[in-house]
Peer 1: 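Attaching a single structure in structure tokens format; questions to follow.
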2 protein chains.
Amino acid sequence: MEEKPRLSREKIIAAAAGLADRSGLARVSMRNVGAELGVEAMSLYHYLSNKEELLDELSDFVFSQIEIPDESTQWRSALEFRASSTRRVLVAHPWGLGMIESRPIPGPALLKHHNSVLGHLVRAGCEPLFASQAFATLDAFVYGFVLSETSMPFEMKEGAEMDYAASLTLDESEYPFLAENVAALREAGGFAFSDGFQVGLGIILDSIEARL
Amino acid sequence: MEEKPRLSREKIIAAAAGLADRSGLARVSMRNVGAELGVEAMSLYHYLSNKEELLDELSDFVFSQIEIPDESTQWRSALEFRASSTRRVLVAHPWGLGMIESRPIPGPALLKHHNSVLGHLVRAGCEPLFASQAFATLDAFVYGFVLSETSMPFEMKEGAEMDYAASLTLDESEYPFLAENVAALREAGGFAFSDGFQVGLGIILDSIEARL
DNA sequence: ACCTGAACACCGTTCAAGT
DNA sequence: ACCTGAACACCGTTCAAGT
């Protein structure tokens, strides 16, 4: 009677990702991931050498979900596509961002991206050095925007930003420009932080285009 | 005989920050911070209601160190100054970035910044909505850049980036553009990731200036 | 008021043992 | 080969007790 193994690397990673999505990265412990799979914590050590390795796999799992645009796509659309896909994946799995910081070894998924973006920039006419720097600028913007977006103290519903802004007791004498800005935005009928993504992307791509 | 208290909120925060600087945020436990001050873990609970509160204080400690430019400074210099100061502080205390994600309630230090940056943008001639979006773009870039910078797998020494790039076994057929880019940069005599900060800042500020 | 010690419910990880 | 249970050195936090 052969017993099929109940576990596999893939199943463990999927269980850990699901747990992180539902309850946050803090609840991803060897014991909890084991419980998720109906197994003791120690069983996981047959498939992973330690928790560090589980987190590495989790990080690669996130990046492998980012879509890469076709080589034939016009450069600006291609960069917009990739930036939006990256944002979508990281917003869906906010714990992914925190892992960039701690797990710096680039996996194959990341290298594939790097290659694709550089290709579009070079074919658009960028010098090698500027291509690298433009890429770094775009990536920094995407990561930073998601960092702000996922840590906003409100749900991303229509107008919730303004409700929140209004709820802040803004001392006008202490923060005059901030208070003025909030008032002006409210008068103009609101403000959605998320819209800033396309605007910011446009700001950066315009400058890159101007330097080609 | 009156006994002076050995502890204070400030001393605890300073000890925690020092520990984080030296050994990373992961080693900041109530027990370790206590030991740093020659005291049992439980003593800290007389000054802080829990660890969450300690982390909130730690986050504010970081932001309060960012320098705010003078109101009279020309807008572009002012925004460059603030961005550079933010980067410098976050590179010195890399654990600060990770705290943005988890601790979203804006403290006074952050509100002061927000106010200063909006002031410069508005006086430069930005509409309220564009001022907010330009600010979000700049901040996203700074945060994201530091995120990449502090998680680079090498020390930020002259030329270390290229040594690292060379050490990667880059399959040319799999990553042709990436391989080409690395080769071109090497031929041009190297590349420093850090330089990308001024370039990226310039890319964004150029676009903002063009839209005034 | 300020600090401690024991205790509880958690961690990651080791090791020897079971099937 | 695959999974478990006990054990060790850690966590944050509560509570009663000491000064």
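So that the names make sense, note that chain A is the first sequence line, chain B the second, and so on, each numbered from 1. Heavy atoms only: backbone and side chains are in, while hydrogens, waters and symmetry mates are out. Since we're looking at a predicted model, the values are computed, not measured.
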Peer 1: Ignoring the backbone of B:Met42, work out which of C:dG12, D:dT4, C:dT4 is nearest its side chain.
Peer 2: C:dT4

Peer 1: Distance-only, no hydrogens or angles: does the A:Thr137 side chain make a donor-acceptor pair with backbone N or O of A:Gln133 under 3.5 Å?
Peer 2: yes

Peer 1: Taking OP1 and OP2 of C:dT14, is either one under 4.0 Å from a side-chain nitrogen or oxygen of A:Asn50?
Peer 2: no

Peer 1: Using whole Å, report how far CG of A:Leu48 lies from P of D:dC3.
Peer 2: 13 Å

Peer 1: Name the residue closer to the 5' end of DNA chain C, choosing between A:Met30 and B:Tyr47 according to the nucleotide with the nearest heavy atom.
Peer 2: B:Tyr47

Peer 1: Taking atom C1' of D:dC11 as reference, at what distance in whole Å does atom CD of B:Glu52 sit?
Peer 2: 15 Å

Peer 1: Do A:Leu90 and A:Tyr143 touch side chain to side chain, with heavy atoms closer than 4.5 Å?
Peer 2: yes

Peer 1: Whole angstroms only, please: what is the NZ-C1' distance between B:Lys51 and D:dT14?
Peer 2: 17 Å

Peer 1: Respond yes when some side-chain nitrogen or oxygen of B:Ser43 is under 4.0 Å from OP1 or OP2 of C:dC2, and no when none is.
Peer 2: no

Peer 1: Rounded to whole angstrom units, what separation is found between the CD atom of B:Glu40 and the C1' atom of C:dT4?
Peer 2: 6 Å

Peer 1: Please determine, for C:dC8, whether a Watson-Crick or G-U wobble partner exists with both distances under 3.5 Å, and give it or none.
Peer 2: D:dG12

Peer 1: Could you give the CZ-to-C1' distance, from B:Arg27 to C:dC11, as a whole number of Å?
Peer 2: 14 Å

Peer 1: Should the pair A:Arg87 and A:Phe197 be classed as cation-pi, given the thresholds of under 6.0 Å to the six-membered ring centre and 45° from the axis?
Peer 2: yes

Peer 1: So, does A:Tyr45 get its side chain near the phosphate of C:dT14, meaning an N or O under 4.0 Å from OP1 or OP2?
Peer 2: no

Peer 1: Scan B:His46, B:Glu52, B:Lys51, B:Glu53 and name whichever one has a side chain to side chain donor-acceptor pair (under 3.5 Å) with B:Ser49.
Peer 2: B:Glu53

Peer 1: Nearest-Å distance, NZ (A:Lys11) to C1' (D:dC3)?
Peer 2: 14 Å

Peer 1: If I take atom CG in residue A:Leu25 and atom C1' in nucleotide C:dC11, what distance separates them, rounded to the nearest angstrom?
Peer 2: 14 Å

Peer 1: Could you tell me how far apart B:Leu54 (CG) and D:dT13 (P) are, to the nearest whole angstrom?
Peer 2: 10 Å

Peer 1: What's A:Arg31 touching, base or sugar-phosphate or nothing? Going by heavy atoms closer than 4.0 Å.
Peer 2: base

Peer 1: Yes or no on side chain to side chain contact (heavy atoms under 4.5 Å, CB included) for A:Ile66 and A:His113, after CA distance, side-chain angles and deciding distance?
Peer 2: CA-CA 9 Å; A:Ile66 300 172; A:His113 269 103; 3.0 Å; yes

Peer 1: Let me spell it out: for each of A:Ala41 and A:His46, pick the nucleotide of DNA chain C with the closest heavy atom. Which residue's pick is nearer the 5' end?
Peer 2: A:Ala41

